[in-house]
Number of protein chains: 2
Amino acid sequence: MEQIDNRELLNDRGIKYTNQRNITFNILRQMDLPITAEQAFMKVKEVDSSISLSTIYRILDLFVSKGLVLKSNISDDNKAIFELNRMEHKHHLICVKCKKMTVVDNCPFEAFEKTLEQKTKFQITAHKLEMYGFCPLCQEKGGDI
Amino acid sequence: MEQIDNRELLNDRGIKYTNQRNITFNILRQMDLPITAEQAFMKVKEVDSSISLSTIYRILDLFVSKGLVLKSNISDDNKAIFELNRMEHKHHLICVKCKKMTVVDNCPFEAFEKTLEQKTKFQITAHKLEMYGFCPLCQEKGGDI
DNA sequence: GTAACTGCAAACCTTTTGCAGCTTG
DNA sequence: CAAGCTGCAAAAGGTTTGCAGTTAC
């Protein structure tokens with residue numbers, strides 16, 4: 001994998017540069033879907049085999065605390081997933097059978113949120129929308145869930 | 001707490017009646033927001049102090065597998081939450097500061113989902129929408145998150 | 001050189017499981 | 001009585017932490 005140097009970008013966010021942080025950031029940047037800590041660990045390991053899982057957790061948490069990365073989790077699965085915060089607004093469509101995720105970039109929400117803010121007096125800062133169903137392949141295969 | 005007998009309801013779903021299942025079901029029915037297994041455990045314990053946490057997990061899993069209960073989790077929190085499946089369509093608004101949840105019963109989605117099904121060829125069976133922000137109280141209090 | 005980062009192993013927390021004993025129908 | 005539910009304790013994931021050694025500036 002091409003190792004871009006993100007020193008400046010990390011520094012700007014108040015993150016001290018280290019090689020492993022740089023690698024982790026590059027991994028996240030080239031992913032177009034969220035990954036688990038374990039998956040990040042495997043990927044980073046391909047570039048620096050000395051990395052430990054706890055360091056991955058520490059790096060991911062740091063990135064999250066600096067707003068660089070988004071942490072969430074999919075329904076009924078006790079693992080966190082992480083993705084680069086691209087400041088784009090997007091959602092996911094997740095197959096309940098094979099768990100494949102597909103990106104949905106349309107979001108039909110702004111209007112609804114405004115109404116809701118007025119109604120509830122909440123100050124809404126984010127929302128998360130996931131749709132679940134059967135992906136085309138799993139529909140073909142048929143059978144039970 | 002009033003202990004309604006849900007024997008018939010449980011039997012109809014193919015769930016063998018036991019006292020603890022009945023209590024657990026009553027707890028869930030009187031909750032209007034999702035609770036964790038631990039919270040359910042505490043609540044059931046008030047009625048039957050002999051209940052064990054593993055039984056709570058087994059009961060909740062059973063209810064989920066029979067479609068009686070919905071299991072999910074809120075962002076960035078590694079615990080499952082459970083709520084009665086009331087067959088109503090609703091969403092939650094969650095305060096990022098105090099984690100208070102508020103129910104939102106409006107859902108602006110059906111139309112969008114149809115379009116998306118055509119575009120992606122997914123067969124959408126469910127969706128989950130959560131909005132995050134500051135509840136009125138936490139806005140008043142101000143300060144950092 | 002110093003403050004901060006990292007690897008390792010152990011701890012932690014939520015959830016699951018094996019087994020012996022107890023309930024329900 | 002048989003099937004299957006339950007308590008307990010132990011195991012199993014995922015995640016966090018303490019500490020000694022290493023790295024970045």
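Letters A, B, ... mirror the listed sequences (proteins, then strands); counts begin at 1.
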For residues A:Leu93 and A:Val104, report the shortest heavy-atom separation together with the two atoms involved.
CB-CG2, 4.0 Å
Give me the atom names and distance for the closest heavy-atom approach of A:Phe41 to A:Ile51.
CE1-O, 3.3 Å
When the distance from [atom1] of [X] to [atom2] of [N] is rounded to whole Å, what number comes out?
| X | N | atom1 | atom2 | result |
| --- | --- | --- | --- | --- |
| A:Asn19 | D:dA24 | CG | C1' | 11 Å |
| A:Lys66 | C:dA4 | NZ | P | 11 Å |
| A:Asp48 | C:dC5 | CG | C1' | 13 Å |
| A:Ile59 | D:dT15 | CD1 | P | 15 Å |
| A:Leu60 | C:dC5 | CG | P | 15 Å |
| A:Arg7 | D:dA24 | CZ | P | 9 Å |
| B:Leu10 | C:dG25 | CG | C1' | 15 Å |

Kindly indicate whether the side chain of A:Met31, heavy atoms from C-beta on, has any atom under 4.5 Å from the side chain of A:Lys43.
yes
Do B:Asn85 and B:Val69 have side-chain heavy atoms sitting under 4.5 Å apart?
no
What string of B, S and - do you get for nucleotides 8-15 of chain C, 5' to 3', when a contact is any protein heavy atom under 4.0 Å?
BB----SB
Classify the angle between the aromatic ring planes of A:His91 and A:His127 as parallel (below 30°), tilted (30 to 60°) or perpendicular (above 60°).
parallel
Give each protein N/O atom lying under 3.5 Å from an N/O atom of nucleotides 3-5 of chain D, with the pair distance.
residue, atom, partner, partner atom, Å
D:dC5, O5', B:Arg21, NH2, 2.9

Solution key, residues 55-66 of chain A side-chain donor-acceptor pairs under 3.5 Å, sequence neighbours excluded:
residue, atom, partner, partner atom, Å
A:Thr55, OG1, A:Ser52, OG, 3.2
A:Ser65, OG, A:Leu62, O, 2.8

Between CG on residue A:Asp12 and CZ on residue A:Arg7, distance to nearest 0.5 Å
12.5 Å
Residues B:Asp5 and B:Asn22: side-chain donor-acceptor under 3.5 angstrom:
no
